[in-house]
Amino acid sequence: MTELSNPARSRALLIGAHSFTDPDLEPLPAVARNLDRLAELLRDPSVWGLAADHLSVLAEPDRDQALGEAGRLADEAEDTLLVYYAGHGFVHDLSNELYLALPRTDPRRLYTALRYQDIRELLLGPQVRARRKVVILDCCWSGLALHGAMSATGLGGLSDIGGTFVLTATSETRTALAPPGETYTAFTGELIGALEDGVPQAPPLLTMTTLYHHLHDALVSKGRPTPQQRNGNTAGAIALARNRHRPAVPVPGPGPGDAVTSVEEPSVEEPPVEEPPVEKSPVEKSPVEKPSDEDSSVRGPRGRLPGRRRRRTVVMASAAVVAALVSLPVTLNLTGGDGSDSDAKAKSSLTVTIGVSAPLSGDFASLGQGIKNSADLAVKKANADNVVPGVTFKISALDDKGDPASGRRNATKLVADRSVVGVVGPLNTSAAQAMQKTFYDAHLTQISPSNSAPALTLGKDWQQGTVVRPYNTYFRTMANDTVQAPAAARYLYVKSKRRKAFVIDDKQIYGAALAQSFKKAFGAEGGIIVGETHVDAGRRDFSTQVSQAVNAGADVVYYGGVYDEAGPLSKQLHAAKPGVLLAGGDGIFSYTYATAAGDGADGDICTAGGAMPDSLPSADTFVKDYKAAGYSASYSPYGGYAYDATSALIQAFKSLHVDPSDTVPSATRESLRAAVQNVDFDGVMGKVGFDANGDAVLQAVTVYRLSGGTWKEAKA
């Protein structure tokens, strides 16, 4: 009888390359999405259930990293070893060998790529204990891995070794395809679909042979490249996934004359393979993200390679392997008995935690307390309204002090608490950067109500025009700085008639990004940057910087940083030269700024994503309920966004249909992330939803002017 590969004794390596330094190699954004989704499915207990440390994803590796990681996993695997590659593929003009592109590959010097033969030799090494191996290649000319120009002991020889299955997206003479507007490449998209939805009229376990026939028929029917396969001995019977397909279920209680049809799954026998019993592994699942229209049919890099073979049409890579699964307990009946709310509450036994990480002490405590209280209010409102029948929500608030190290520790604690399904926070960008990977590795969603640094969602090279989402578990309800700085520049130049700006930043991610954006935007308006300097975060003495700005003739100083430093800077600036304005982003948008800045600060401006709750009719109930709750701290500028962030997590959890009589399954974290990606509702601060990068769909920004010690919306 066919059994699943044992996830506890198996290993998987997913390799992909989607961006390239060589201008002739077109970027392949679909490859990154392929890797993300395949990793999620392989970890999903209802598909395979690989533990996080049994699956390695190399999104942009160099050659040594790829081979080194393959070797490490080969040393560990005892049951099944899976290696998958997605990216551009090349054919060597002299040897006719298959080469796999890496980010720094030069197509004219293929020794800079990953040679498939090296992977083959590694997998056949004497140190490899895995008794079964699966290789999946989604790239142009990938069929060379099956046949090649050599004998069975050459490139294709791997598939002649017993227990090895090789699956490729194309033949040795065809290119792979990335259809425009589709989320994944053609081959991997079909594979992902088979793993997500199952295969009709197939057995409960999907063997490699079953998967191949399904992919072949699906792709050929669409006129797409034909996949290829080759296996040794009984390798076709390797089962890497459970079949998620479920037949139609009869409708209960048909009336007279009603016809009810049930479809039974046929029994299909597969060659027997001896395997150990499957061990359960608590791993999670996440549905796909929204598709992007940035992909196009991959027709190969521009230009031609020297030599007799000109088959350089680019490979779109992506392949997925499914693996041994563990069943995920899912019960959809949330309200037993007569379905009433009271009956559901009576059966409630599930408490779900939403983590909060914010500065609850120190310089930013006034802002952090507002975030915590607003999240608490959202949870109380959801419980009172019985938003998810039978489920009680609570928050677990941790103090990160606005410090990256504390934030990292908080992330570790929240990940370890299995009742935590999502996190609201943090306040500070530097803390967010320290927390992102920890949450990503654990598939735990975080939504910040205040972070605005573009790099958190757009990647470190966004200013150079390269946008890559670093972590798909990170979201924010606040607009990012790409809209803040231009709004400030426009107001200062057009409304305040400022022409010369001196720019200071605190060397932190948030402040530096904001300052750079302002310089560009102010110049575009026609203004002049008369000077620039950088200071350490926490500075209180700005005498040197003030002198530089005044001597340079600045009529405005733009500060990229936060209010506890901006206040003293403003006071010293106005003492040195009244009339010079200080401007900044939402980091100085604080009720305590005016106190630190002093009487001369009237006229200073700042920007903030969105608006203050007090100014929005949609937030009237929030403001009323917050005050009625008797919280000791104000909701702060970010309270409304924290409320919406918490509500987004609750709405996403509601869509999962988790049984309140069960414990929170581990798969909820993965599923919740995808559900958050698709939330769409009217919140306290306006429309709540997220784009493909995790940014708020509502990218509104407001300019505020300090007047009488209070921030008031500035009139354009």
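Here the structure is a predicted model, which means the values were calculated and not measured. Computed over heavy atoms, backbone and side chain alike; hydrogens, waters and symmetry mates excluded.
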Engineer: Answer whether the closest heavy-atom distance between the side chains of L13 and L58 falls below 4.5 Å.
Structural biologist: yes
Engineer: Do any N or O atoms from the side chain of R230 and from the backbone of L146 form a donor-acceptor pair under 3.5 angstrom?
Structural biologist: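 Such a contact is found between R230 side chain and L146 backbone.
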Engineer: How about CZ on R72, more than 12 heavy atoms from neighbouring residues, nucleotides or ligands closer than 6.0 Å, or not?
Structural biologist: yes
Engineer: Starting at CE of M208, measure out to CG of L82 and round the result to the nearest 0.5 Å.
Structural biologist: 8.0 Å
Engineer: Decide yes or no for F690 and I447: does some side-chain heavy atom of the first lie under 4.5 Å from some side-chain heavy atom of the second?
Structural biologist: yes
Engineer: May I ask you to check whether N428 and S430 show a side-chain donor-acceptor distance below 3.5 Å?
Structural biologist: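 Per modelled atom types, N428 and S430 side chains form no pair under 3.5 Å.
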Engineer: Do L167 and V134 touch side chain to side chain, with heavy atoms closer than 4.5 Å?
Structural biologist: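 They are not in side-chain contact.
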Engineer: At what distance, to the nearest 0.5 angstrom, does CG of L211 lie from CD of E190?
Structural biologist: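 Between atom CG of L211 and atom CD of E190 there are 12.0 Å.
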Engineer: Do I192 and E40 have side chains that get closer than 4.5 Å, going by heavy atoms?
Structural biologist: no
Engineer: Is there a side-chain contact between L114 and L67 in this structure, where contact means two heavy atoms from C-beta onward sitting under 4.5 Å apart?
Structural biologist: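 Yes, their side chains come closer than 4.5 Å.
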Engineer: If only atom types and distance count, is the side chain of N243 paired as donor or acceptor with the main-chain N or O of V199 below 3.5 Å?
Structural biologist: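 Flag set: sc N243 to bb V199 pair under 3.5 Å.
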Engineer: Picking from D695, N693, N451, what satisfies side-chain hydrogen bond (donor to acceptor under 3.5 Å, both in side chains) with Y474?
Structural biologist: N451
Engineer: Using side-chain heavy atoms (C-beta onward) and a distance below 4.5 Å, is P227 in contact with L219?
Structural biologist: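 A side-chain contact exists here, since the closest heavy-atom pair is under 4.5 Å.
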Engineer: Less than 4.5 Å apart, side chain to side chain, heavy atoms only: is that true for R418 and R669?
Structural biologist: yes
Engineer: With a 4.5 Å cut-off on side-chain heavy atoms, are P61 and E69 touching?
Structural biologist: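 No, every pair of side-chain atoms sits at 4.5 Å or beyond.
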Engineer: Is it the case that the side chains of R408 and T438 hold a donor-acceptor pair, with the cut-off being a distance below 3.5 Å and no angle test?
Structural biologist: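 Side-chain D/A pair, T438 to R408: absent.
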Engineer: Please determine whether a side-chain nitrogen of the Lys or Arg among K519 and D505 lies less than 4.0 Å from a carboxylate oxygen of the Asp or Glu.
Structural biologist: no
